[in-house]
Number of protein chains: 2
Amino acid sequence: MTELFVCQGPDEIPRWRAAFDEARLVTPQQARAQAGSGDGVWVMSNLAGWQGLVSLLAARGATVKVLSYMPSSREALRAMNAGARGYGHALSAPELLRQMALVTRHQGIWVPPELLAQVMGGAYRALGGESQHQDETLSGLTDRERAVALAVAEGQSNKEVARRLEITERTVKAHLGAIFRKLGVRDRLQLILRLSQREAV
Amino acid sequence: MTELFVCQGPDEIPRWRAAFDEARLVTPQQARAQAGSGDGVWVMSNLAGWQGLVSLLAARGATVKVLSYMPSSREALRAMNAGARGYGHALSAPELLRQMALVTRHQGIWVPPELLAQVMGGAYRALGGESQHQDETLSGLTDRERAVALAVAEGQSNKEVARRLEITERTVKAHLGAIFRKLGVRDRLQLILRLSQREAV
DNA sequence: AGGAATATTGTACTGTTGGGCAGGGCAGCG
DNA sequence: CGCTGCCCTGCCCAACAGTACAATATTCCT
(Lines give C-alpha, C1' and ligand atoms only; values in the text may rest on other atoms or scores of the structure.)
Protein backbone atom coordinates (compact mmCIF):
# COMPACT_ATOMS: atom_id res chain seq x y z
CA MET A 1 0.00 0.00 0.00
CA THR A 2 1.79 3.12 -1.16
CA GLU A 3 1.35 6.42 0.63
CA LEU A 4 1.56 9.60 -1.41
CA PHE A 5 2.62 12.80 0.33
CA VAL A 6 1.50 15.87 -1.61
CA CYS A 7 3.66 18.90 -0.86
CA GLN A 8 5.87 21.56 -2.31
CA GLY A 9 9.58 20.84 -2.50
CA PRO A 10 10.93 22.28 0.74
CA ASP A 11 8.28 20.61 2.84
CA GLU A 12 9.75 17.17 2.81
CA ILE A 13 9.72 15.75 6.28
CA PRO A 14 11.97 12.81 7.18
CA ARG A 15 9.37 11.34 9.50
CA TRP A 16 7.14 10.58 6.58
CA ARG A 17 9.68 8.22 5.10
CA ALA A 18 10.33 6.80 8.52
CA ALA A 19 6.65 6.01 8.90
CA PHE A 20 6.11 4.28 5.58
CA ASP A 21 8.58 2.27 3.56
CA GLU A 22 6.66 3.11 0.44
CA ALA A 23 6.24 6.81 1.04
CA ARG A 24 6.46 8.92 -2.11
CA LEU A 25 6.61 12.67 -2.32
CA VAL A 26 4.68 14.25 -5.17
CA THR A 27 3.57 17.68 -6.31
CA PRO A 28 -0.11 18.60 -6.47
CA GLN A 29 0.05 18.18 -10.25
CA GLN A 30 1.48 14.69 -9.98
CA ALA A 31 -1.13 13.79 -7.38
CA ARG A 32 -3.93 14.84 -9.69
CA ALA A 33 -2.47 12.72 -12.44
CA GLN A 34 -1.57 9.64 -10.44
CA ALA A 35 -3.67 9.15 -7.35
CA GLY A 36 -6.70 6.93 -7.66
CA SER A 37 -8.97 4.53 -5.89
CA GLY A 38 -7.51 2.84 -2.85
CA ASP A 39 -4.45 5.04 -2.60
CA GLY A 40 -3.49 6.63 0.67
CA VAL A 41 -2.83 10.31 0.10
CA TRP A 42 -1.55 12.96 2.49
CA VAL A 43 -2.17 16.58 1.56
CA MET A 44 -0.39 19.52 3.16
CA SER A 45 -2.73 22.33 4.17
CA ASN A 46 -0.19 24.96 3.19
CA LEU A 47 -0.78 24.22 -0.48
CA ALA A 48 -2.88 26.67 -2.47
CA GLY A 49 -6.23 25.11 -3.23
CA TRP A 50 -5.67 22.11 -1.00
CA GLN A 51 -9.41 21.72 -0.36
CA GLY A 52 -10.15 21.31 -4.03
CA LEU A 53 -7.40 18.74 -4.34
CA VAL A 54 -8.77 16.85 -1.35
CA SER A 55 -12.27 16.85 -2.84
CA LEU A 56 -11.00 15.61 -6.16
CA LEU A 57 -8.94 12.78 -4.75
CA ALA A 58 -11.62 11.77 -2.26
CA ALA A 59 -14.19 11.62 -5.04
CA ARG A 60 -11.87 9.30 -6.92
CA GLY A 61 -11.83 6.92 -4.00
CA ALA A 62 -8.51 7.79 -2.46
CA THR A 63 -8.17 7.82 1.32
CA VAL A 64 -7.14 11.38 2.00
CA LYS A 65 -5.48 12.71 5.13
CA VAL A 66 -4.63 16.35 5.67
CA LEU A 67 -1.48 17.47 7.49
CA SER A 68 -1.01 20.94 8.91
CA TYR A 69 1.74 22.90 10.57
CA MET A 70 -0.83 24.67 12.71
CA PRO A 71 -3.71 22.34 13.39
CA SER A 72 -7.00 23.91 14.38
CA SER A 73 -10.51 22.59 14.78
CA ARG A 74 -11.65 24.94 12.08
CA GLU A 75 -9.17 23.67 9.56
CA ALA A 76 -9.93 20.13 10.63
CA LEU A 77 -13.58 20.65 9.77
CA ARG A 78 -12.71 22.21 6.46
CA ALA A 79 -10.61 19.16 5.69
CA MET A 80 -13.37 16.77 6.70
CA ASN A 81 -15.90 18.72 4.73
CA ALA A 82 -13.73 18.46 1.66
CA GLY A 83 -13.71 14.70 2.01
CA ALA A 84 -10.61 13.99 4.08
CA ARG A 85 -10.82 11.15 6.56
CA GLY A 86 -7.88 12.20 8.69
CA TYR A 87 -6.33 15.38 9.98
CA GLY A 88 -3.22 15.90 12.02
CA HIS A 89 0.03 17.69 12.60
CA ALA A 90 2.59 17.53 9.82
CA LEU A 91 5.28 16.72 12.35
CA SER A 92 3.43 13.85 13.96
CA ALA A 93 5.52 10.91 15.09
CA PRO A 94 5.86 8.05 12.59
CA GLU A 95 3.87 5.77 14.84
CA LEU A 96 1.01 8.24 14.91
CA LEU A 97 1.06 8.54 11.13
CA ARG A 98 0.84 4.78 10.81
CA GLN A 99 -2.07 4.80 13.23
CA MET A 100 -3.83 7.42 11.15
CA ALA A 101 -3.27 5.34 8.03
CA LEU A 102 -4.63 2.24 9.73
CA VAL A 103 -7.73 3.96 11.01
CA THR A 104 -8.59 5.81 7.83
CA ARG A 105 -7.97 2.72 5.70
CA HIS A 106 -10.73 1.02 7.69
CA GLN A 107 -13.36 3.68 7.09
CA GLY A 108 -12.51 5.44 10.31
CA ILE A 109 -11.92 9.10 10.98
CA TRP A 110 -8.83 10.35 12.69
CA VAL A 111 -8.54 13.70 14.42
CA PRO A 112 -6.03 14.66 17.10
CA PRO A 113 -7.53 13.87 20.52
CA GLU A 114 -7.08 17.46 21.67
CA LEU A 115 -9.18 18.70 18.74
CA LEU A 116 -11.79 15.99 18.97
CA ALA A 117 -13.78 17.63 21.72
CA GLN A 118 -13.92 20.93 19.85
CA VAL A 119 -14.85 19.36 16.56
CA MET A 120 -17.58 17.24 18.05
CA GLY A 121 -18.66 19.98 20.39
CA GLY A 122 -19.18 22.31 17.49
CA ALA A 123 -21.19 19.75 15.64
CA TYR A 124 -23.22 18.98 18.71
CA ARG A 125 -24.10 22.57 19.39
CA ALA A 126 -25.21 22.93 15.81
CA LEU A 127 -27.44 19.92 15.65
CA GLY A 128 -27.59 19.08 19.33
CA GLY A 129 -29.58 22.13 20.22
CA GLU A 130 -32.07 21.03 17.67
CA SER A 131 -32.20 17.50 18.85
CA GLN A 132 -32.86 18.79 22.31
CA HIS A 133 -35.77 20.61 20.85
CA GLN A 134 -36.78 17.53 18.96
CA ASP A 135 -36.92 15.61 22.22
CA GLU A 136 -39.11 18.30 23.65
CA THR A 137 -41.32 18.18 20.63
CA LEU A 138 -41.67 14.43 20.86
CA SER A 139 -41.86 14.19 24.64
CA GLY A 140 -45.61 14.72 24.69
CA LEU A 141 -46.16 11.71 22.48
CA THR A 142 -46.68 8.12 23.48
CA ASP A 143 -44.07 5.49 22.59
CA ARG A 144 -46.03 4.34 19.61
CA GLU A 145 -46.70 7.82 18.36
CA ARG A 146 -43.02 8.68 18.65
CA ALA A 147 -42.07 5.64 16.61
CA VAL A 148 -44.52 6.66 13.90
CA ALA A 149 -43.36 10.27 13.98
CA LEU A 150 -39.71 9.30 13.57
CA ALA A 151 -40.47 6.95 10.71
CA VAL A 152 -42.52 9.59 8.95
CA ALA A 153 -39.72 12.08 9.54
CA GLU A 154 -37.52 9.80 7.48
CA GLY A 155 -39.87 10.24 4.59
CA GLN A 156 -41.65 6.91 4.82
CA SER A 157 -45.20 6.49 3.56
CA ASN A 158 -48.00 5.22 5.75
CA LYS A 159 -47.68 1.83 4.10
CA GLU A 160 -43.98 1.64 4.83
CA VAL A 161 -44.44 2.69 8.42
CA ALA A 162 -47.15 0.06 8.78
CA ARG A 163 -44.80 -2.63 7.53
CA ARG A 164 -41.98 -1.50 9.79
CA LEU A 165 -44.12 -1.44 12.94
CA GLU A 166 -46.15 -4.47 11.87
CA ILE A 167 -49.52 -2.77 12.19
CA THR A 168 -52.15 -1.80 9.61
CA GLU A 169 -52.10 1.37 7.63
CA ARG A 170 -55.25 2.43 9.44
CA THR A 171 -53.46 2.33 12.78
CA VAL A 172 -50.62 4.40 11.41
CA LYS A 173 -53.19 6.98 10.38
CA ALA A 174 -54.71 6.88 13.86
CA HIS A 175 -51.34 7.57 15.47
CA LEU A 176 -50.58 10.26 12.93
CA GLY A 177 -53.87 11.96 13.66
CA ALA A 178 -52.96 12.09 17.34
CA ILE A 179 -49.51 13.41 16.49
CA PHE A 180 -50.90 16.19 14.31
CA ARG A 181 -53.35 17.19 17.01
CA LYS A 182 -50.75 17.18 19.81
CA LEU A 183 -48.09 19.03 17.86
CA GLY A 184 -50.49 21.38 16.17
CA VAL A 185 -49.38 20.64 12.62
CA ARG A 186 -51.66 20.05 9.69
CA ASP A 187 -49.89 17.23 7.87
CA ARG A 188 -46.73 15.16 7.57
CA LEU A 189 -44.97 17.89 5.63
CA GLN A 190 -45.20 20.29 8.53
CA LEU A 191 -44.24 17.49 10.88
CA ILE A 192 -41.02 16.90 8.99
CA LEU A 193 -40.25 20.59 8.97
CA ARG A 194 -40.93 20.78 12.68
CA LEU A 195 -38.67 17.85 13.43
CA SER A 196 -35.87 19.10 11.25
CA GLN A 197 -36.29 22.60 12.64
CA ARG A 198 -36.65 24.56 9.49
CA GLU A 199 -38.59 27.70 8.98
CA ALA A 200 -42.21 26.64 8.58
CA VAL A 201 -43.90 29.47 6.75
CA MET B 1 -9.32 -8.00 24.34
CA THR B 2 -12.82 -8.53 25.68
CA GLU B 3 -15.76 -6.66 24.25
CA LEU B 4 -18.67 -5.83 26.55
CA PHE B 5 -22.13 -5.41 25.06
CA VAL B 6 -24.44 -3.42 27.30
CA CYS B 7 -28.10 -4.15 26.63
CA GLN B 8 -31.34 -5.32 28.10
CA GLY B 9 -32.11 -9.02 27.95
CA PRO B 10 -34.14 -9.34 24.76
CA ASP B 11 -31.70 -7.30 22.73
CA GLU B 12 -29.08 -9.96 22.39
CA ILE B 13 -27.95 -10.16 18.80
CA PRO B 14 -26.14 -13.26 17.53
CA ARG B 15 -23.90 -11.18 15.30
CA TRP B 16 -22.20 -9.74 18.32
CA ARG B 17 -20.94 -13.14 19.39
CA ALA B 18 -20.06 -13.94 15.80
CA ALA B 19 -17.91 -10.82 15.63
CA PHE B 20 -15.93 -11.33 18.81
CA ASP B 21 -14.93 -14.57 20.46
CA GLU B 22 -14.78 -12.81 23.78
CA ALA B 23 -18.04 -10.93 23.53
CA ARG B 24 -19.92 -10.66 26.83
CA LEU B 25 -23.43 -9.38 27.35
CA VAL B 26 -23.98 -7.32 30.46
CA THR B 27 -26.66 -5.11 31.97
CA PRO B 28 -26.07 -1.39 32.49
CA GLN B 29 -25.54 -2.09 36.20
CA GLN B 30 -22.89 -4.71 35.52
CA ALA B 31 -21.19 -2.38 33.04
CA ARG B 32 -20.97 0.36 35.64
CA ALA B 33 -19.44 -2.05 38.09
CA GLN B 34 -17.04 -3.85 35.80
CA ALA B 35 -15.92 -1.82 32.83
CA GLY B 36 -12.69 0.06 33.15
CA SER B 37 -9.68 1.41 31.36
CA GLY B 38 -8.85 -0.25 28.09
CA ASP B 39 -12.08 -2.19 27.79
CA GLY B 40 -14.10 -2.12 24.60
CA VAL B 41 -17.71 -1.38 25.45
CA TRP B 42 -20.77 -1.32 23.20
CA VAL B 43 -23.83 0.50 24.48
CA MET B 44 -27.32 0.18 23.00
CA SER B 45 -29.02 3.51 22.42
CA ASN B 46 -32.40 2.10 23.43
CA LEU B 47 -31.30 1.96 27.05
CA ALA B 48 -32.65 4.61 29.38
CA GLY B 49 -29.86 7.03 30.26
CA TRP B 50 -27.41 5.61 27.77
CA GLN B 51 -25.66 8.95 27.37
CA GLY B 52 -24.82 9.08 31.05
CA LEU B 53 -23.47 5.57 30.91
CA VAL B 54 -21.33 6.40 27.90
CA SER B 55 -19.91 9.47 29.64
CA LEU B 56 -19.08 7.49 32.75
CA LEU B 57 -17.35 4.66 30.93
CA ALA B 58 -15.51 6.98 28.56
CA ALA B 59 -14.23 9.03 31.50
CA ARG B 60 -12.88 5.82 33.00
CA GLY B 61 -10.87 5.17 29.88
CA ALA B 62 -13.04 2.60 28.17
CA THR B 63 -13.39 2.68 24.40
CA VAL B 64 -17.12 3.16 23.98
CA LYS B 65 -19.13 2.47 20.85
CA VAL B 66 -22.86 3.13 20.57
CA LEU B 67 -25.21 0.86 18.65
CA SER B 68 -28.66 1.92 17.49
CA TYR B 69 -31.65 0.34 15.82
CA MET B 70 -32.41 3.61 14.08
CA PRO B 71 -29.15 5.40 13.36
CA SER B 72 -29.35 9.12 12.76
CA SER B 73 -26.84 11.92 12.55
CA ARG B 74 -28.35 13.55 15.61
CA GLU B 75 -28.00 10.47 17.73
CA ALA B 76 -24.50 9.95 16.38
CA LEU B 77 -23.57 13.44 17.55
CA ARG B 78 -25.14 12.84 20.93
CA ALA B 79 -23.10 9.68 21.23
CA MET B 80 -19.88 11.41 20.26
CA ASN B 81 -20.58 14.27 22.58
CA ALA B 82 -21.06 11.83 25.43
CA GLY B 83 -17.63 10.45 24.72
CA ALA B 84 -18.27 7.55 22.40
CA ARG B 85 -15.71 6.90 19.68
CA GLY B 86 -17.93 4.82 17.45
CA TYR B 87 -21.54 4.76 16.34
CA GLY B 88 -23.36 2.32 14.13
CA HIS B 89 -26.32 0.09 13.47
CA ALA B 90 -27.02 -2.61 16.03
CA LEU B 91 -27.44 -5.13 13.25
CA SER B 92 -24.15 -4.37 11.54
CA ALA B 93 -22.31 -7.31 10.02
CA PRO B 94 -19.68 -8.94 12.25
CA GLU B 95 -16.93 -7.75 9.95
CA LEU B 96 -18.11 -4.18 10.31
CA LEU B 97 -18.18 -4.49 14.08
CA ARG B 98 -14.62 -5.75 14.07
CA GLN B 99 -13.64 -2.83 11.87
CA MET B 100 -15.26 -0.42 14.30
CA ALA B 101 -13.38 -2.04 17.16
CA LEU B 102 -10.08 -1.82 15.30
CA VAL B 103 -10.55 1.82 14.38
CA THR B 104 -11.72 2.98 17.78
CA ARG B 105 -8.98 1.05 19.56
CA HIS B 106 -6.47 3.10 17.61
CA GLN B 107 -7.84 6.48 18.64
CA GLY B 108 -10.01 6.71 15.54
CA ILE B 109 -13.65 7.61 15.18
CA TRP B 110 -16.09 5.43 13.36
CA VAL B 111 -19.41 6.63 11.94
CA PRO B 112 -21.44 4.98 9.18
CA PRO B 113 -20.32 6.43 5.83
CA GLU B 114 -23.85 7.51 4.98
CA LEU B 115 -24.00 9.63 8.13
CA LEU B 116 -20.49 10.99 7.86
CA ALA B 117 -21.32 13.74 5.42
CA GLN B 118 -24.22 14.92 7.53
CA VAL B 119 -22.27 14.85 10.76
CA MET B 120 -19.33 16.69 9.28
CA GLY B 121 -21.54 19.00 7.27
CA GLY B 122 -23.39 19.99 10.39
CA ALA B 123 -20.18 20.63 12.26
CA TYR B 124 -18.79 22.63 9.40
CA ARG B 125 -21.78 24.89 9.07
CA ALA B 126 -21.85 25.29 12.83
CA LEU B 127 -18.43 26.84 12.81
CA GLY B 128 -19.23 29.34 10.14
CA GLY B 129 -18.55 27.41 6.96
CA GLU B 130 -20.67 27.96 3.92
CA SER B 131 -23.28 25.45 2.93
CA GLN B 132 -23.05 24.81 -0.73
CA HIS B 133 -24.80 21.53 -0.93
CA GLN B 134 -28.25 22.89 -1.51
CA ASP B 135 -27.08 25.04 -4.39
CA GLU B 136 -25.41 22.04 -5.95
CA THR B 137 -28.60 20.06 -5.66
CA LEU B 138 -30.63 22.78 -7.31
CA SER B 139 -28.13 23.78 -9.95
CA GLY B 140 -29.45 21.30 -12.48
CA LEU B 141 -32.93 22.81 -12.36
CA THR B 142 -34.42 25.60 -14.42
CA ASP B 143 -35.36 28.90 -12.76
CA ARG B 144 -38.98 27.97 -12.46
CA GLU B 145 -38.27 24.50 -11.15
CA ARG B 146 -35.97 25.97 -8.54
CA ALA B 147 -38.66 28.36 -7.38
CA VAL B 148 -41.14 25.51 -7.05
CA ALA B 149 -38.62 23.32 -5.25
CA LEU B 150 -37.84 26.00 -2.70
CA ALA B 151 -41.51 26.73 -2.06
CA VAL B 152 -42.27 23.04 -1.62
CA ALA B 153 -39.26 22.76 0.70
CA GLU B 154 -41.01 25.26 2.95
CA GLY B 155 -43.90 22.89 3.26
CA GLN B 156 -46.29 24.61 0.90
CA SER B 157 -48.98 22.64 -0.89
CA ASN B 158 -49.34 22.65 -4.65
CA LYS B 159 -52.20 25.09 -4.32
CA GLU B 160 -50.14 27.49 -2.23
CA VAL B 161 -47.20 27.30 -4.59
CA ALA B 162 -49.55 27.98 -7.48
CA ARG B 163 -50.85 31.10 -5.77
CA ARG B 164 -47.38 32.33 -4.90
CA LEU B 165 -46.04 31.89 -8.42
CA GLU B 166 -49.31 32.90 -10.03
CA ILE B 167 -49.65 29.78 -12.12
CA THR B 168 -52.11 26.90 -12.03
CA GLU B 169 -51.80 23.88 -9.85
CA ARG B 170 -51.30 21.74 -12.93
CA THR B 171 -48.19 23.68 -13.84
CA VAL B 172 -46.81 23.27 -10.37
CA LYS B 173 -47.26 19.55 -10.78
CA ALA B 174 -45.50 19.65 -14.12
CA HIS B 175 -42.51 21.40 -12.62
CA LEU B 176 -42.51 19.07 -9.67
CA GLY B 177 -42.51 16.06 -11.96
CA ALA B 178 -39.41 17.41 -13.69
CA ILE B 179 -37.77 18.10 -10.32
CA PHE B 180 -38.42 14.58 -9.07
CA ARG B 181 -37.00 13.11 -12.25
CA LYS B 182 -33.89 15.28 -12.24
CA LEU B 183 -33.09 14.80 -8.58
CA GLY B 184 -34.05 11.16 -8.52
CA VAL B 185 -36.54 11.43 -5.67
CA ARG B 186 -39.97 9.86 -5.59
CA ASP B 187 -42.05 12.58 -3.94
CA ARG B 188 -42.03 15.92 -2.14
CA LEU B 189 -41.19 14.27 1.16
CA GLN B 190 -37.90 12.97 -0.17
CA LEU B 191 -37.31 16.33 -1.82
CA ILE B 192 -37.61 18.10 1.50
CA LEU B 193 -35.27 15.64 3.13
CA ARG B 194 -32.80 16.08 0.30
CA LEU B 195 -32.86 19.84 0.49
CA SER B 196 -32.46 19.93 4.22
CA GLN B 197 -30.01 17.04 3.95
CA ARG B 198 -30.79 15.51 7.26
CA GLU B 199 -31.94 12.22 8.62
CA ALA B 200 -32.65 10.54 5.30
CA VAL B 201 -31.20 7.19 6.25
C1' DA C 1 -66.16 -1.72 39.52
C1' DG C 2 -65.57 2.29 36.74
C1' DG C 3 -62.97 5.69 34.18
C1' DA C 4 -59.07 7.19 31.45
C1' DA C 5 -55.44 6.49 28.42
C1' DT C 6 -53.38 3.63 24.97
C1' DA C 7 -53.32 0.62 21.02
C1' DT C 8 -55.50 -1.59 17.51
C1' DT C 9 -58.69 -2.04 13.43
C1' DG C 10 -62.84 -1.23 10.31
C1' DT C 11 -65.80 1.48 6.67
C1' DA C 12 -66.50 5.45 4.23
C1' DC C 13 -65.59 9.86 2.65
C1' DT C 14 -63.00 14.11 1.01
C1' DG C 15 -58.96 16.25 -0.55
C1' DT C 16 -54.16 16.08 -2.26
C1' DT C 17 -50.65 14.27 -5.04
C1' DG C 18 -48.33 12.49 -9.00
C1' DG C 19 -48.56 11.67 -13.59
C1' DG C 20 -50.28 10.24 -18.56
C1' DC C 21 -51.96 12.43 -22.66
C1' DA C 22 -52.56 16.43 -25.27
C1' DG C 23 -51.98 20.67 -26.44
C1' DG C 24 -50.74 26.03 -26.53
C1' DG C 25 -46.93 30.14 -26.68
C1' DC C 26 -42.20 32.06 -26.75
C1' DA C 27 -37.16 32.42 -27.35
C1' DG C 28 -32.76 30.95 -29.39
C1' DC C 29 -30.03 28.50 -32.86
C1' DG C 30 -28.36 26.35 -37.15
C1' DC D 1 -37.93 27.88 -41.33
C1' DG D 2 -37.81 23.90 -38.69
C1' DC D 3 -35.90 22.20 -34.11
C1' DT D 4 -35.34 22.35 -29.23
C1' DG D 5 -35.95 23.86 -24.54
C1' DC D 6 -38.70 26.13 -21.26
C1' DC D 7 -43.06 27.56 -19.61
C1' DC D 8 -47.88 27.17 -19.22
C1' DT D 9 -52.46 24.70 -19.16
C1' DG D 10 -56.61 21.35 -19.58
C1' DC D 11 -58.89 16.71 -18.60
C1' DC D 12 -58.62 12.54 -16.42
C1' DC D 13 -57.21 8.86 -13.28
C1' DA D 14 -54.97 5.97 -9.68
C1' DA D 15 -52.80 6.22 -5.42
C1' DC D 16 -52.14 8.27 -1.16
C1' DA D 17 -53.34 11.20 2.92
C1' DG D 18 -56.25 12.68 6.45
C1' DT D 19 -60.49 12.38 9.10
C1' DA D 20 -65.32 11.34 10.89
C1' DC D 21 -67.70 7.77 13.17
C1' DA D 22 -67.30 3.89 14.82
C1' DA D 23 -65.67 -0.82 17.71
C1' DT D 24 -62.55 -3.91 20.76
C1' DA D 25 -58.81 -4.95 23.95
C1' DT D 26 -55.41 -3.90 27.60
C1' DT D 27 -53.45 -1.45 31.33
C1' DC D 28 -53.28 1.58 35.00
C1' DC D 29 -55.46 4.48 38.47
C1' DT D 30 -59.24 5.73 41.75
Does the side chain of B/Thr171 come within less than 4.5 Å of B/His175's, by heavy atoms? yes
Would you say D/dC16 has OP1 or OP2 under 4.0 Å from some side-chain N or O of A/Lys159? yes
In whole Å, what is the span from the CD1 atom of B/Ile179 to the P atom of C/dT17? 14 Å
Just the rounded figure in Å: distance from P of D/dA15 to CG of B/Leu176. 20 Å
Below 3.5 Å is the cut-off: list the nitrogen or oxygen pairs between protein and nucleotides 3-9 of chain D, distance only.
residue: D/dC7; atom: OP1; partner: B/Arg144; partner atom: N; Å: 3.3
residue: D/dC7; atom: OP2; partner: B/Thr142; partner atom: OG1; Å: 2.4
residue: D/dC8; atom: OP1; partner: B/Arg144; partner atom: NE; Å: 2.9
residue: D/dC8; atom: OP1; partner: B/Arg144; partner atom: NH2; Å: 2.9
residue: D/dC8; atom: OP2; partner: B/Arg144; partner atom: NE; Å: 3.1
residue: D/dC8; atom: OP2; partner: B/His175; partner atom: NE2; Å: 2.8
residue: D/dT9; atom: OP2; partner: B/Thr168; partner atom: N; Å: 2.6
residue: D/dT9; atom: OP2; partner: B/Thr168; partner atom: OG1; Å: 3.4
residue: D/dT9; atom: OP2; partner: B/Thr171; partner atom: OG1; Å: 2.9
residue: D/dT9; atom: O5'; partner: B/Thr168; partner atom: OG1; Å: 3.4

What is the separation between atom CD on B/Glu160 and atom P on C/dT16, rounded to the nearest whole Å? 10 Å
Is any side-chain heavy atom of B/Val148 less than 4.5 Å from a side-chain heavy atom of B/Leu165? yes
Measure from CG on A/Asp187 to P on D/dC16 and round the result to the nearest Å. 17 Å
Side chain to side chain contact (heavy atoms under 4.5 Å, CB included) test vs A/Val64 passes for just one of A/Val6, A/Leu53, A/Asp39, A/Val54, namely A/Val54
Hey, is the main chain of B/Thr2 close enough, under 3.5 Å, to the side chain of B/Arg24 for a donor-acceptor pair? no
Between A/Arg164 and A/Ala151, is there a donor-acceptor pair closer than 3.5 Å when you use the side chain of the first and the backbone of the second? no
Applying the side chain to side chain contact (heavy atoms under 4.5 Å, CB included) criterion to B/Leu191, which one of B/Leu193, B/Leu189, B/Leu195 satisfies it? B/Leu195
Steps toward side-chain hydrogen bond (donor to acceptor under 3.5 Å, both in side chains) verdict (B/Asn158, B/Arg188): CA-CA 10 Å; B/Asn158 289 343; B/Arg188 64 211 295 121; 3.0 Å; yes
Distance check needed: C/dT17 C1' versus B/Phe180 CZ, whole Å only. 8 Å
Take atom CZ in A/Arg98; do more than 12 heavy atoms of anything else shown fall under 6.0 Å from it? yes
Pairs where residues 178-187 of chain B contributes a residue and the test side chain to side chain donor-acceptor pair (under 3.5 Å) is met, not counting sequence neighbours: A/Glu160-B/Arg186, B/Glu145-B/Lys182
Ignoring backbone atoms, establish whether B/Asn158 has a side-chain N or O less than 4.0 Å from OP1 or OP2 of C/dT16. no
Take atom CZ of A/Arg181 and atom C1' of D/dG18, then tell me their distance rounded to the nearest Å. 14 Å
Every protein N/O within reach of nucleotides 23-26 of chain C N/O, cut-off under 3.5 Å:
none

Using modelled atom types and a 3.5 Å cut-off, is there a donor and acceptor pairing between side-chain atoms of A/Arg146 and backbone atoms of A/Leu141? yes
Please name all residues satisfying side chain to side chain contact (heavy atoms under 4.5 Å, CB included) with A/Ala101, sequence neighbours left out, ordered by chain then number. A/Glu3, A/Phe20, A/Trp42, A/Arg105
Might you work through the side chain to side chain contact (heavy atoms under 4.5 Å, CB included) test for B/Met44 and B/Val66, ending with a clear yes or no? CA-CA 6 Å; B/Met44 288 295 296; B/Val66 172; over 6 Å; no
With sugar-phosphate taken as primed atoms, P, OP1 and OP2 and all else as base, the protein-contact string of nucleotides 24-30 of chain D at under 4.0 Å (heavy atoms; B, S, -) is -------
Once you round it to whole Å, what is the distance between C1' of D/dA17 and CD of A/Gln156? 16 Å
Would you work out how much the helix from C/dA1-D/dT30 to C/dG30-D/dC1 bends between its ends, with each end axis defined by five base pairs, to 10 degrees? 30°
Taking the side chain from A/His89 and the backbone from A/Leu91, do they hold a donor-acceptor pair closer than 3.5 Å? yes
Using whole Å, what does the distance between atom P of nucleotide D/dC12 and atom NZ of B/Lys173 come to? 13 Å
Ionic contact status for A/Glu169 with A/Arg163, cut-off 4.0 Å: no
